[in-house]
Number of protein chains: 2
Amino acid sequence: MLEKKQIRKTPFRQEVLKLFKASKNAISLKEIERNLTSFDRITLYRTLKLFIEKGLIHEVLHSSGKKYALCKEQCDEHQHQHNHLHFHCSSCKESFCLKTHIQDLNLTGYIIEQTDLSVHGVCKKCNN
Amino acid sequence: MLEKKQIRKTPFRQEVLKLFKASKNAISLKEIERNLTSFDRITLYRTLKLFIEKGLIHEVLHSSGKKYALCKEQCDEHQHQHNHLHFHCSSCKESFCLKTHIQDLNLTGYIIEQTDLSVHGVCKKCNN
DNA sequence: TTTAAAATCGCAACAATGTTGCATTATTAT
DNA sequence: ATAATAATGCAACATTGTTGCGATTTTAAA
Ligand SMILES: [Zn+2]
Ligand SMILES: [Zn+2]
Ligand SMILES: [Zn+2]
Ligand SMILES: [Zn+2]
């Protein structure tokens, strides 16, 4: 998986990737740090930056901070192509990547490279 | 305008609001700081926080940092209700609030409180 | 296998932004 | 005018982002 994205395989990167694979939802920097046996802050920073650049993970933006999640689509070093939305639950604070289709946006004259749809509310589980 | 949003009128807040009124697009913290005659970092931080809480301005999220823009809709202390998208131009680095209609999202079981659509690309002006 | 090149890592150092407490000052209502 | 209330300015600290550089590790070549 790392090789496929042209990322050199190292023990630390494998551990970080393993963490992402085990995470159902997007995870914050703190959550990542908590779940690593040991880590260097800067190395982790550069690892995440590289993973993003290579199209392995993508950022999930939120007013209170960033989260990160594996890319499910065909993202690469040139572009992130996501057609899913990010749902932020105000109750459990989780951020989900949900499949959806964003309509064609009527933006004549603009070149659209990437769209990100962020939705805030209460998720299925918390709405029971 | 401040009174309408139940924000106490002070010289500093008036100057910040004036800045927002004069800005066509969303502005970053640095841009705000650059355009104030003098400022205290913490007071500015709290002013922006208050303006957001009271529904006077809204955050415009971007991977490289936040920007802020006046709310054009009927936002208040309870909720921000935006139906526009944020276009981030990779050329001029400006962030525009553009009017659009977001389709009904097929999210059965979820409670939707707020949606934010962020689009990255090249704006009209830079695409000439 | 040995060696050289290239990339990664770990640390220091610093920048930017976010956040709280508290004493002082300004605003508002009585 | 006075008292209550809120805003301000400062110190202090937390979090995250970012770069440089030497040491270490990985990869490729000889
Ligand atoms: Zn992606
Ligand atoms: Zn996602
Ligand atoms: Zn708003
Ligand atoms: Zn906007």
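Lettering of chains follows the sequences in order, A, B, ..., and the numbering in each one begins at 1.
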Nearest-Å distance, [atom1] ([X]) to [atom2] ([N])?
X	N	atom1	atom2	answer
B:L44	C:dT20	CG	P	16 Å
B:L61	C:dT17	CG	P	15 Å
B:K67	C:dT17	NZ	P	12 Å

Just to verify, which of A:N35, A:L36, A:T47 counts as forming a side chain to side chain contact (heavy atoms under 4.5 Å, CB included) with A:E15? A:L36
Just so I know, are the side chains of [X] and [Y] near enough to count as touching, which here means a heavy-atom distance under 4.5 Å?
X	Y	result
A:L19	A:E31	no
B:L117	B:F87	no
B:L70	B:K21	yes
A:C97	A:H84	yes

Checking salt bridge (charged side-chain N to carboxylate O under 4.0 Å, His left out) against A:E3, which of A:R8, A:K54, A:K9, A:R13 comes through? A:K9
Distance-only, no hydrogens or angles: does the B:Q79 side chain make a donor-acceptor pair with backbone N or O of B:E113 under 3.5 Å? yes
Contact interval (first through last nucleotide) of DNA chain D with protein chain A, 4.0 Å heavy-atom: D:dT16 to D:dT27
If you find the nucleotide of DNA chain C closest to B:K30 and the one closest to B:K9, which residue's nucleotide is nearer the 5' end? B:K30
Protein within reach of the bases, or only the backbone? For nucleotides 6-11 of chain C, mark each nucleotide 5' to 3' as B, S or -, using heavy atoms under 4.0 Å. -SSSBB
For the pair A:H120 and A:H62, name the ring-plane relationship: parallel under 30°, tilted 30 to 60°, perpendicular over 60°. tilted
